[in-house]
Amino acid sequence: MPIYNPPLRDMQFVLHEVFHVADELKALPAHADTDADTINAVIEEAGKFASEVIFPLNITGDQEGCVLDRTTHEVTTPKGFKEAYAKYVEGGWPALSCDPAFGGQGLPFVVSQCTFEMMNSANQAWTMYPGLSHGAYEALVAHGTEEQKKTYLPKLTSGEWTGTMCLTEPQCGTDLGMLRTRAEPQVDGTYKLTGNKIFISAGEHDMAPNIIHLVLARLPDAPKGSKGISLFAVPKYHVNADGSLGERNPIYCGGLEHKMGIHGNATAQIVIDGAIGSLVGQPHKGLAAMFVMMNAARLGVGNQSLGLTEVAYQNALAYAKDRVQMRSLTGPKAKDKEADPIIVHPDVRKMLLTAKAYAEGGRALQIFCTLLLDKEHDHPDEKVRKDSGELVALLTPIVKAFITDNGHIATHACMQVFGGHGFITEWGMEQFTRDNRINMIYEGTNTIQSLDLLGRKILGNNGASLKKFGKLVGALVAEEGVNEKMSEFITPVAVLGDQLTKFTTEIGFKGFQNPDEVGAAAVDYLRVAGHFVFGYLFARMAQVALREIAAGNTDPFYVAKLQTARFYFAKLFPETATLMRTARAGSKVLMDTDAALA
């Protein structure tokens with residue numbers, strides 16, 4: 001059976017020693033009283049919930065899956081899921097970072113991020129149910145009417161009800177301009193919706209009595225394309241004036257997708273047969289409202305892969321220390337045994353360290369981003385809010401694509417550590433690999449994220465956002481540039497920063513002449529940018545570790561952090577050179593291939 005231990009020490013290191021989160025929060029009136037002890041207490045309890053309540057349900061949930069009753073259209077989740085959700089609600093976890101105005105606890109996003117990382121490690125399929133609800137909550141906070149907020153937000157905040165996002169249709173995935181679901185205005189101000197949606201995560205289940213679907217649809221006078229999309233709140237059950245549940249709304253599950261992974265989550269085909277809903281935001285402005293939820297979901301999907309990278313690493317490390325095979329190339333290490341533990345072999349260590357580095361880099365990036373989110377929402381200084389929002393927008397596609405790509409690399413590497421046993425269900429490794437694979441597709445494929453980063457977030461504002469991040473790197477270089485002990489961590493990042501500026505200008509110029517050049521370079525470009533961000537974060541972590549060691553701190557954690565950082569810069573970071581070379585190969589070798597693809 002697999003194991004999971006919440007990585008509290010590393011979380012606390014990043015939160016308190018690298019980013020000094022409690023001090024940063026003092027500048028935010030809404031969170032000024034959130035101190036380090038409070039943060040630690042919350043994440044410790046969240047770790048217990050993750051490891052003790054939902055982790056034991058992960059393999060069984062995968063094996064049982066969800067079951068649809070085609071007569072009633074009701075879905076039964078795997079054994080124990082409903083009871084675990086009741087404990088989650090009872091513990092107040094859904095309300096953690098929600099607004100006290102709706103019954104929330106008002107804790108910062110950065111704390112919520114840590115709790116969701118651990119729950120994703122423990123059971124991604126289960127965690128997606130409350131995760132999607134929080135996205136629906138955010139969209140309604142930003143764009144809902146007062147009546148919608150009064151009706152839905154207290155129930156979403158408490159977790160009594162859950163939420164979904166209904167975008168994809170059989171004929172359109174990312175290209176939402178092609179969607180066909182219709183919304184007809186009614187005399188009472190509501191709308192009657194008709195259409196079909198697919199791939200709706202948590203779209204139907206038995207864990208909560210009501211589900212609030214946020215549905216994209218077209219009004220009769222809608223212009224063609226993405227500029228003609230509106231957003232609607234469509235409840236599974238109508239809500240009476242007193243808040244009680246009324247009649248069943250004709251929005252139901254017509255089928256469940258049989259998927260490669262996350263079997264414990266109901267990925268539903270949703271039939272909308274004259275369901276009544278209310279308009280969220282302005283007519284034909286639905287994408288702007290839905291993007292609040294989608295951007296939250298993109299950060300959340302990155303967090304899913306971070307969680308799976310961590311749990312896969314923990315299990316591969318434990319196995320590598322226990323499994324004996326062959327002797328070390330430099331002579332026997334376990335002389336009392338007939339072979340050495342496989343952790344003595346260089347390539348096994350490479351696979352383990354790859355996963356460890358991608359987990360620790362991803363954790364630092366997620367905490368960095370959610371702290372920026374807290375500043376964007378609550379800092380009293382308008383410039384700080386604006387700058388923080390701009391950085392979050394720049395980093396969101398990197399969080400989604402780079403961390404999920406790395407999760408794919410890491411879970412495969414960890415499964416490989418197990419050899420043949422990695423493919424056996426009882427070890428859990430093949431499930432981590434399968435569950436992670438969908439994250440590279442969710443909420444806009446990683447190619448879409450790459451196009452968003454390069455085309456919209458960087459070239460779209462002439463590199464202004466990238467320069468803003470570059471100033472953070474420049475400040476660290478200025479601070480530590482003459483410190484010889486930091487040179488191995490600082491120099492690679494500084495060099496890549498200069499290269500990235502020239503690389504971006506070059507692609508921008510080529511793309512101006514031929515837009516396919518941007519499409520051909522984008523995926524490689526995002527990984528280069530991802531390493532640039534990870535390099536900065538690893539340099540900051542190394543900076544703290546070196547200072548602690550210099551001050552006489554003998555905690556082996558700091559030595560381990562330096563060793564991981566050295567591995568990252570020596571074995572993973574150099575990928576950037578190859579990526580820039582392949583990106584510069586241009587679009588011709590891709591597009592001038594009609595004969596090859598005939």
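Keep in mind it's a predicted model, so treat the numbers as computed, not measured.
Residues that satisfy the salt bridge (Lys or Arg N to Asp or Glu O under 4.0 Å) test with K26, not counting sequence neighbours, are D23. Residues satisfying the ring pair (Phe, Tyr, Trp, His ring centres under 6.0 Å) criterion with Y358, sequence neighbours excluded, are absent altogether. Among residues two or more places apart in sequence or in another chain, the side-chain contact (heavy atoms from CB on, under 4.5 Å) test is passed with K82 by D206, M207. For L299, the side-chain contact (heavy atoms from CB on, under 4.5 Å) criterion is met by L373, T396, V399, not counting sequence neighbours. For E24, the side-chain contact (heavy atoms from CB on, under 4.5 Å) partners at least two apart in sequence or on another chain are L371, K375. For Y191, the ring pair (Phe, Tyr, Trp, His ring centres under 6.0 Å) test picks out F232, with sequence neighbours left out. Here R385 pairs with nothing under the salt bridge (Lys or Arg N to Asp or Glu O under 4.0 Å) rule; sequence neighbours left out. Residues satisfying the salt bridge (Lys or Arg N to Asp or Glu O under 4.0 Å) test with R434, not counting sequence neighbours, are D62, E430. Contacts of A275 classified as side-chain contact (heavy atoms from CB on, under 4.5 Å), with partners at least two apart in sequence or in another chain: V234, N249, P250, I251, I272.
The stretch residues 142-165 participates, sequence neighbours left out, in these salt bridge (Lys or Arg N to Asp or Glu O under 4.0 Å) pairs: E146-K149, K155-E160. Residue pairs meeting the salt bridge (Lys or Arg N to Asp or Glu O under 4.0 Å) criterion with at least one member in residues 261-278: none, sequence neighbours excluded. Under the ring pair (Phe, Tyr, Trp, His ring centres under 6.0 Å) criterion, the residue pairs touching residues 243-269 are H73-Y252, with sequence neighbours excluded.
No side-chain heavy atom of V215 sits less than 4.5 Å from a side-chain heavy atom of L167.
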